[in-house]
Amino acid sequence: MTPFDRRALITAAAAGLLLPGLARAATSAPWLAYDRRLRAQMARSRGDFDPEFEQDLTDLGDIFRRGRGLRGLAPDPGLTLAARAHAADIARTGLFDHMTREGYGPAARVGLLARDLVGAPGENIAERLNASGPVRPDQIMGQWKTSPGHRANLLAPGFTHVGYGVLRQGREVIAVGAYAEVSARLASPAPLRVSSVDAIAAVLASATPRIDQFSVSEPGAEALVETYLEGPRPPTLPPGAWQIRPHLSTGERRYQVAWGPVFVLG
């Protein structure tokens, strides 16, 4: 997350941090289709998910972290949805990767499915078929421990929450871990489709801690294209897919710009 001074938020266009007037929304139809696909695949694969295996991964991950002086990670239902959704998508497409063929990554899945969460996400993936005997949780965790990028996610000091998705296909196991540094929690899930930015502002106002200021960006993009402070919010944002970028206070007139859910305007 990136620190901002509140005065800079108002005048940031001159510094290139905000891009008002250049706002280009992502096309909404592909995002809505991806959300439908993920949810449909989870529903079809429900009987193939292994909750006990998922819990074992949570426990093994916590043991690994605590052995290195780090706190354990709290389970999160939205992150579990994101993890299960990608496991089912890997099984359907045969593409073992963090990115889908359409270009959707971990932040997209967390932004669509963990709709009460504000924070920065990460993801681990694993696929295994033993020559003999069923795949065990310690084998999946062992793969991640020996892979530098996956190990970094397991031991990231900033992560606070986790959700695992484990899909069994016969003797083969596809496992996904979705991690996040949760910096705020919404009282209710943000709506996916809204008719105005005011609907997003109302949801953010009920967050803990309260969020009165926020920006939006194209989903997954760093550049902020519009910022909303207290008071009236003119309808200047074009229709399409956007990502909420809440401002979290870090002191007097100091804010961090975090990551929130994806929404479709119009």
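Just the heavy atoms: all of them, side chains too, but no hydrogens, waters or symmetry mates, feed the values below.
Separation of atoms CZ (R36) and CG (L192) is listed at 9.5 Å; rounding is to 0.5 Å. Atom OH of Y228 is separated from atom CG of L237 by 4.0 Å, given to the nearest 0.5 angstrom. In this structure, CG on N153 lies 4.5 Å from CG on N124, to the nearest 0.5 angstrom. The CG atom of L154 sits 9.5 Å away from atom CG of L57, with the distance rounded to the nearest 0.5 Å. How far CZ of R109 is from CG of L38: 7.5 Å, rounded to the nearest 0.5 Å. To the nearest 0.5 Å, atom OG of residue S217 and atom CD of residue E226 are 12.0 Å apart.
The shortest distance between side-chain heavy atoms of Q139 and N130 falls below 4.5 Å. Counting heavy atoms from C-beta outward, F53 and I140 have side chains that approach closer than 4.5 Å. Between R245 and F214 there is no side-chain heavy-atom pair separated by less than 4.5 Å. Annotation: side chain of H161 is not in contact with side chain of L73 (no heavy-atom distance under 4.5 Å). Looking at heavy atoms from C-beta onward, M141 lies out of side-chain contact with D56 at the 4.5 angstrom threshold. Contact of the T227 side chain with the H247 side chain is registered, since non-hydrogen atoms from C-beta on lie closer than 4.5 Å. Under the 4.5 Å side-chain criterion, counting only non-hydrogen atoms from C-beta, F263 is in contact with V216. With a 4.5 Å cut-off on side-chain heavy atoms, L113 and R39 count as touching.
Checked by atom type and distance alone, the side chain of W259 never pairs as donor or acceptor with a backbone atom of P246 at under 3.5 Å. A donor-acceptor distance shorter than 3.5 angstrom exists from the side chain of T100 to the backbone of E102, with no hydrogens or angles considered. A donor-acceptor distance shorter than 3.5 angstrom exists from the side chain of Q243 to the backbone of G260, with no hydrogens or angles considered. Here the side chain of S183 pairs a donor or acceptor atom with the backbone of V118 at under 3.5 angstrom. Side chain of S206 to main chain of V203: a donor-acceptor pair is present (N/O by atom type, distance under 3.5 Å, no hydrogens or angles). With hydrogens and angles disregarded, no donor-acceptor distance shorter than 3.5 Å links the side chain of R46 to the backbone of M42. Checking side-chain atoms of T93 against main-chain N and O of D89 turns up a donor-acceptor pair under 3.5 Å. Side-chain atoms of R115 come within 3.5 Å of backbone atoms of P191 as a donor-acceptor pair (strictly under, hydrogens ignored). Under the 3.5 Å distance criterion, the side-chain polar atoms of R193 are left unmatched by any main-chain donor or acceptor of V264.
The ring-ring contact (aromatic ring centres under 6.0 Å, His included) analysis of residues 113-135, with sequence neighbours excluded, yields no pairs. Legend: ring-ring contact (aromatic ring centres under 6.0 Å, His included) pairs involving residues 69-102, not counting sequence neighbours, sorted by first then second residue: H98-H150. Residue pairs meeting the ring-ring contact (aromatic ring centres under 6.0 Å, His included) criterion with at least one member in residues 180-202: none, sequence neighbours excluded. Every pair passing salt bridge (charged side-chain N to carboxylate O under 4.0 Å, His left out) that includes a residue from residues 62-85 is listed here, sequence neighbours excluded: E54-R84, D76-R185. A salt bridge (charged side-chain N to carboxylate O under 4.0 Å, His left out) check over residues 138-148, counting only residues at least two apart or in different chains, returns the pairs R136-D138. Pairs of residues two or more places apart, or lying in two chains, that qualify as salt bridge (charged side-chain N to carboxylate O under 4.0 Å, His left out) and include a residue from residues 162-177 are D50-R168.
With sequence neighbours excluded, the residues satisfying ring pair (Phe, Tyr, Trp, His ring centres under 6.0 Å) with F159 are Y179. Here R128 pairs with nothing under the salt bridge (Lys or Arg N to Asp or Glu O under 4.0 Å) rule; sequence neighbours left out. With sequence neighbours excluded, no residue satisfies salt bridge (Lys or Arg N to Asp or Glu O under 4.0 Å) with E127. Y34 is linked by a ring pair (Phe, Tyr, Trp, His ring centres under 6.0 Å) to Y104, counting only residues two or more places apart in sequence or in another chain.
In this structure, V262 is not a member of the same hydrophobic cluster as I200, with clusters built from ILVMFWY side-chain heavy atoms closer than 4.5 Å. Cluster membership for V162 and L81, using ILVMFWY side-chain heavy atoms within less than 4.5 angstrom, is not shared. Linking ILVMFWY residues whenever their side-chain heavy atoms come closer than 4.5 Å, directly or via other members, places V194 and L204 in the same cluster. Both L186 and I244 belong to a common hydrophobic cluster when Ile, Leu, Val, Met, Phe, Trp and Tyr are linked at side-chain heavy-atom distances under 4.5 angstrom. In terms of hydrophobic clustering, with Ile, Leu, Val, Met, Phe, Trp and Tyr side chains grouped at heavy-atom distances under 4.5 Å, V166 and I90 are assigned to different clusters.
Cluster note: I63 groups with no other residue, as no ILVMFWY side-chain heavy atom lies under 4.5 Å from it. With a 4.5 Å cut-off between side-chain heavy atoms of Ile, Leu, Val, Met, Phe, Trp and Tyr, the cluster of V110 takes in L79, L117, V182.
Smallest separation of non-hydrogen atoms from L265 and P238: CD2-O, 3.6 Å. Minimum heavy-atom separation, A190 to P261: CB-CG, 4.0 Å. Scanning all heavy atoms of the two residues, the minimum distance from W31 to P219 falls at CZ2-CB, 3.2 Å. Taking each heavy atom of A82 and A178 in turn, the nearest pair found is CB-CB, 4.5 Å. The two residues G158 and E181 make their nearest non-hydrogen contact at O-CG, 3.1 Å. Contact detail for P51 and F49: the closest heavy-atom pair is CD-O, 3.3 Å.
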Practice problem: With side-chain contact (heavy atoms from CB on, under 4.5 Å) as the test, would you mind laying out the steps for E123 and V176 before giving the verdict? | Solution: CA-CA 7 Å; E123 183 181 82; V176 177; 3.9 Å; yes
